[in-house]
Amino acid sequence: MTIDFPSLDSTVNGDDRSISDQGLLDRTMRPYAGKGCVYLKDSSVDIVDAHVVGRGQFSIAEACYIEETGHFNAVEFNISYNQLFYYTLAACIRDSTLPEFSGWSLADYWPRQLPNILIHKMSSKYSKPINSRNYFGEMTIMDIGFRNRSQPLIAVETRIQFSDDNGGQASGDVSIVILDPPRAQDF
């Protein structure tokens, strides 16, 4: 099955802000669609207590890698986190929310989305099983900064929490590095 996505690789008159939330979500999920593992169904990004917070509603109709386990597990944690992080970062770039990405456009972001955004470190904790058919995630960007050691990169520290309507809980801390940031010389 082929899914047609709106072309958002370039925007009208270079205006990233003209892209709707749904259009941005669809474009951000493009790498997952062909594999049938778009878990993030709806998302929003807000500023809360001077932190960027991405929130998402998720649903997994069928796991893309294993038979039904009956609950949300480590692989779903990782995929769900990635999808929410990718969307949150795209929204921050579109809306010029984070100064560290002020020189970026979505045209800079799309080719870097998969090859240049790496999980450096991840820890997770599962307190109560989560229903993978309907659950929620909230990711907070705790710290962000530019580093130029052997190569320029942006380091992002995040905290994530997943839950469902029945008290299911999972949480974790994830460190991300973004390699080859555009306009690194501006830092």
Side-chain angles (χ1 to χ4, degrees), residues 5-33 38-58 77-123 136-162 172-187:
F5 288 95
S7 177
L8 300 177
D9 295 321
S10 59
T11 54
V12 178
N13 300 325
D15 182 13
D16 289 344
R17 291 178 153 277
S18 66
I19 299 170
S20 71
D21 289 343
Q22 186 60 52
L24 189 67
L25 180 61
D26 290 345
R27 174 57 182 89
T28 306
M29 294 301 105
R30 185 183 292 175
Y32 295 93
V38 175
Y39 300 162
L40 181 60
K41 305 303 181 188
D42 190 31
S43 190
S44 64
V45 177
D46 299 296
I47 304 295
V48 178
D49 297 329
H51 291 287
V52 171
V53 177
R55 293 184 179 96
Q57 187 272 321
F58 298 84
F77 185 104
N78 193 328
I79 293 170
S80 298
Y81 172 84
N82 285 349
Q83 291 181 5
L84 185 56
F85 182 83
Y86 290 148
Y87 177 82
T88 300
L89 186 54
C92 287
I93 291 167
R94 178 195 62 188
D95 299 337
S96 302
T97 304
L98 292 167
E100 293 82 1
F101 295 94
S102 63
W104 287 47
S105 68
L106 288 172
D108 294 319
Y109 175 67
W110 300 129
R112 288 171 172 84
Q113 178 181 348
L114 294 182
N116 295 59
I117 298 176
L118 310 172
I119 292 176
H120 171 66
K121 184 172 37 175
M122 174 182 266
S123 67
F136 310 93
E138 182 174 292
M139 184 207 58
T140 303
I141 296 177
M142 305 302 294
D143 191 34
I144 187 168
F146 179 77
R147 296 195 181 117
N148 193 4
R149 293 185 181 138
S150 62
Q151 65 180 359
L153 62 86
I154 295 175
V156 185
E157 299 296 327
T158 66
R159 181 159 295 139
I160 183 78
Q161 296 180 335
F162 293 105
D173 293 305
V174 184
S175 298
I176 298 289
V177 294
I178 303 170
L179 304 176
D180 186 31
R183 300 174 189 87
Q185 68 277 4
D186 295 342
F187 288 97

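These numbers come from a predicted model, not from an experiment.
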Side chain to side chain contact (heavy atoms under 4.5 Å, CB included) partners of Pro31, counting only residues at least two apart: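 With sequence neighbours excluded, Pro31 shows a side chain to side chain contact (heavy atoms under 4.5 Å, CB included) to Gln113, Leu114, given in chain and number order.
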
[X] and [Y]: which non-hydrogen atoms are nearest, and at how many Å?
{"X": "Thr28", "Y": "Ala90", "answer": "OG1-CB, 3.9 Å"}
{"X": "Ser43", "Y": "Leu84", "answer": "OG-CD1, 3.5 Å"}
{"X": "Gly137", "Y": "Phe58", "answer": "N-CE1, 3.7 Å"}
{"X": "Thr97", "Y": "Pro99", "answer": "O-CD, 3.8 Å"}
{"X": "Val45", "Y": "Ala91", "answer": "CG2-CB, 3.7 Å"}
{"X": "Cys92", "Y": "Val52", "answer": "SG-CG1, 3.6 Å"}

Salt bridge (Lys or Arg N to Asp or Glu O under 4.0 Å) with Arg147: which residues, sequence neighbours excluded?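 Checked Arg147 against salt bridge (Lys or Arg N to Asp or Glu O under 4.0 Å); zero matches.
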
In chain order, what residues pass the salt bridge (Lys or Arg N to Asp or Glu O under 4.0 Å) check against Asp173, with sequence neighbours excluded?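 By the salt bridge (Lys or Arg N to Asp or Glu O under 4.0 Å) rule, Asp173 matches Arg159.
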
Could you go step by step and tell me if Leu106 and Leu24 meet the side chain to side chain contact (heavy atoms under 4.5 Å, CB included) rule? CA-CA 10 Å; Leu106 288 172; Leu24 189 67; 3.9 Å; yes

Residues forming a side chain to side chain donor-acceptor pair (under 3.5 Å) with [X], sequence neighbours excluded:
{"X": "Ser96", "answer": "none"}
{"X": "Asp42", "answer": "none"}
{"X": "Thr158", "answer": "Tyr81"}
{"X": "Thr88", "answer": "none"}

Taking the side chain as every heavy atom from C-beta outward, state whether [X] and [Y] have any atom pair closer than 4.5 Å.
{"X": "Leu40", "Y": "Tyr86", "value": "no"}
{"X": "Ser44", "Y": "Asp21", "value": "no"}
{"X": "Pro181", "Y": "Trp104", "value": "yes"}
{"X": "Val53", "Y": "Ile47", "value": "no"}
{"X": "Asp108", "Y": "Ile93", "value": "no"}

Please check this pair: side chain of Arg112 against backbone of Ile178, looking for a donor-acceptor N/O pair closer than 3.5 Å.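 The answer is no, because no donor-acceptor pair under 3.5 Å joins these two groups.
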
When you measure from the side chain of Glu100 to the backbone N and O of Ile154, does any donor-acceptor pair fall under 3.5 Å?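 No, because the side chain of Glu100 does not come within donor-acceptor range (under 3.5 Å) of the backbone of Ile154.
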
Between [atom1] of [X] and [atom2] of [Y], what distance do you get to the nearest 0.5 Å?
{"X": "Leu25", "Y": "Arg30", "atom1": "CG", "atom2": "CZ", "value": "12.5 Å"}
{"X": "Asn82", "Y": "Ile176", "atom1": "CG", "atom2": "CD1", "value": "6.5 Å"}
{"X": "Ser20", "Y": "Arg94", "atom1": "OG", "atom2": "CZ", "value": "7.5 Å"}
{"X": "Ile79", "Y": "Tyr32", "atom1": "CD1", "atom2": "OH", "value": "7.0 Å"}

Just to verify, what does Phe77 make a ring pair (Phe, Tyr, Trp, His ring centres under 6.0 Å) with, not counting sequence neighbours?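 Result, ring pair (Phe, Tyr, Trp, His ring centres under 6.0 Å) vs Phe77: Tyr126, Phe162.
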
With sequence neighbours excluded, give me every side-chain hydrogen bond (donor to acceptor under 3.5 Å, both in side chains) pair touching residues 49-58.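 Qualifying pairs: Asp46-Arg55, Arg55-Glu138, Gln57-Asn134.
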
Hey, can you pull the donor-acceptor pairs under 3.5 Å for the side chains in residues 115-122, sequence neighbours left out?
residue	atom	partner	partner atom	Å
Asn116	ND2	Leu179	O	3.1

Suppose the criterion is salt bridge (charged side-chain N to carboxylate O under 4.0 Å, His left out): which pairs have a residue in residues 79-90, not counting sequence neighbours?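 Non-adjacent pairs meeting salt bridge (charged side-chain N to carboxylate O under 4.0 Å, His left out): zero.
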
